[in-house]
Amino acid sequence: MAKPSDTIPLLAPHEGEPYLLTPGPLTTAYSVKQAMLRDWGSWDDDFRQTTKHIRAELLAMVDDVDQQYDCVPMQGSGTFAVEAMLGSLLPRDAKALVLANGAYGLRTAKTLEYLGRSHVVLDKGDYLPPRGDEVTKWLDADPDITHVIAIHCETSSGILNPIEEVSRATYAAGRKLLIDSMSAFGAIPLSSQSIQYEAIVSSANKCIEGVPGFGFVIAKKSALQAAKGCSHSLSLDLHDQWTTMEKTGQWRFTPPTHTVTAFAEALRQHREEGGVEARGSRYRANRDALVVGMRKLGFETLLHDRWLSPIIVTFFNPAHPNFDFNVFYELMKSKGFIIYPGKLTVVDSFRIGCIGQLDVHVMQQVVTAAGAALDEMGVDTAVAPIAAYNEREKLTAE
Ligand SMILES: *Cc1c(COP(=O)(O)O)cnc(C)c1O
C-alpha cells in the first residue's frame, strides 16, 4: 500500500478537512503533519540538532552574511514572542513610538502598557499605512523616543505597511526599529542587507506554514547582549533563552517538540518551493485570483489595490438585507472553506487568507463557493453599503 503522502496531492488538506483561509493556524502540507508522528526527548542530541538547524535556516532567510544577527525561538503563540522581544530589547528607560493601523499595532501598545514602558502611538485607523515622512516628523518632535515599533503586514485589515520607508526614516533620525513581521516573514523579503532593523519577530504558523506552538525573534547580537537583566518576565526573557541555547543547545523550559520538528519539515518545503520569492509569488497569485473573482460577484475590498497584501484580504459585508455573516460562514464551511470574521472598528467586514497550502485553483473554488453561498442566501449582489464606500473615501482622501 502506498504511504498516505504518496496518495494525497501536495495542495489538498487531508480527507474532508476544510481549507483554512485564515492567517494561521493555516492549512499545512501532509508531510508537515506527518513529521509530528514521533516523540522526541528535548535534551536528546537529535532534537538539539533540529533546533540548531531551524535557527540557522531562519537566519539565512534574512541574509545574515556578516553574522550580526542571531535567532532565538520562544515557546508560545506569536504574541508571547512579541512580548519577549519588547520586554527584553527595549531598555527600561526606553521610549517607543508605536506605528498602529489595526489590532496588532494596538496590541503592541497594550503590551507596552503592561510592561510599563514609556510610549506614544501614531494611530492611522484601519485604512492607511504610517508613512516615512510622518515617522520623521514624530521623531524630530520628540528626542526622547529611542525606538520605533512597526507592524509589517497588519493582519487585521491585510494592509502591507511600507517597512523600507519606515526603516529609512527611523535610522536617518538615529533611532532603532523593531518589526512585528509575524504574518509577512517568509513571504515578503526582509533582508538585513537592504532593510535596517534591530529585531524582527514571527511565528511557526504563518508564512513558513508550520503548526502553532512557538515564535522566534531574529535580533542583532549586540541587542541580545544588551538585553541582560532587562526582561520583566523569566519565561519571556530573550537574553536568558539565547544564552542558554548558545551554551547547551536546549530551550530553557519544555519545548513544543512536535511543532519544532514539523517546522523543520515546513522549512524544507519552503526552501524547495524557492524560498521567500517563490512563496510570495504563490501568495500574490492567490490574492489576485481571489480579488478578481470576488469583485466579479460584486464584493469590494476594504483597501485600494496599492496596499493589498498577499497575506489576507478584507471584504466589506454586502449591503443586501439577506446577507448574514454567520449564515455565509456556515455555507462556506459546508463547501470546505473556513473563512475569518473581520476585525475592523467602523464597518462590517470579513477576511479571506491567501497563505498556507493553497494555490490559484483553490482560490477559484473559494470564489465559486462564495457565489453559490450568496445564491443560497438569496443575495443577488454583493455590493457593499454606500456608507462603507463613503467611509473609505473620506479616510483615504489625501
Ligand atoms: C498572528 C499575528 C500575531 C500573533 O498572534 P498570536 O495569535 O499570538 O499567534 C502578532 N502580530 C501579527 C501582525 C500577526 O499577524
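We're numbering straight along the sequence, starting at 1. The structure displayed is predicted, hence computed values, not measured ones. Note that ligands are numbered from 1 as they come in the structure, with each ligand's atoms numbered from 1 the same way.
When atom types are taken as modelled, the side chain of Thr243 and the backbone of Asp240 share a donor-acceptor pair closer than 3.5 angstrom.
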Tell me which donor-acceptor pairs under 3.5 Å the side chains of residues 145-155 have, and how far apart each pair is, sequence neighbours excluded?
unit_1, atom_1, unit_2, atom_2, d
Thr146, OG1, Lys95, N, 3.1
Thr146, OG1, Lys95, O, 3.1
His152, ND1, Ser181, OG, 2.9
Glu154, OE1, Tyr104, N, 3.2
Glu154, OE1, Gly105, N, 3.1
Glu154, OE2, Tyr104, N, 3.3
Glu154, OE2, Ser156, N, 3.1
Glu154, OE2, Ser156, OG, 2.5
Thr155, OG1, Cys153, O, 3.4
Thr155, OG1, Ser183, OG, 2.8

Under 3.5 Å, side-chain donor or acceptor atoms of residues 67-75 against the rest of the protein: list the pairs with distances, not counting sequence neighbours.
unit_1, atom_1, unit_2, atom_2, d
Tyr69, OH, Tyr197, O, 2.7
Asp70, OD1, Arg55, NH2, 3.3
Asp70, OD2, Arg55, NH2, 3.4
Asp70, OD2, Trp242, NE1, 2.9
Gln75, OE1, Gln241, NE2, 3.2
Gln75, NE2, Phe253, O, 2.8
Gln75, NE2, Thr254, O, 3.3

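Side-chain contact, Thr51 with Trp251: a donor N or O sits under 3.5 Å from an acceptor N or O. Gln269 and Glu273 form no side-chain donor-acceptor contact under 3.5 Å, judged by distance and modelled atom types alone.
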Using a cut-off of under 3.5 Å, which N/O atoms of ligand 1 pair up with protein N/O atoms, and what distance separates each pair?
unit_1, atom_1, unit_2, atom_2, d
ligand 1, 8 (O), Ser77, OG, 2.5
ligand 1, 8 (O), Gly78, N, 3.3
ligand 1, 8 (O), Thr79, N, 2.8
ligand 1, 8 (O), Thr79, OG1, 2.5
ligand 1, 9 (O), Gly78, N, 3.0
ligand 1, 11 (N), Asp180, OD1, 3.4
ligand 1, 11 (N), Asp180, OD2, 2.7
ligand 1, 15 (O), Thr155, OG1, 2.4
ligand 1, 15 (O), Lys206, NZ, 2.8

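Residues passing the ring-ring contact (aromatic ring centres under 6.0 Å, His included) test with Phe328 are Phe323, Phe350, sequence neighbours excluded.
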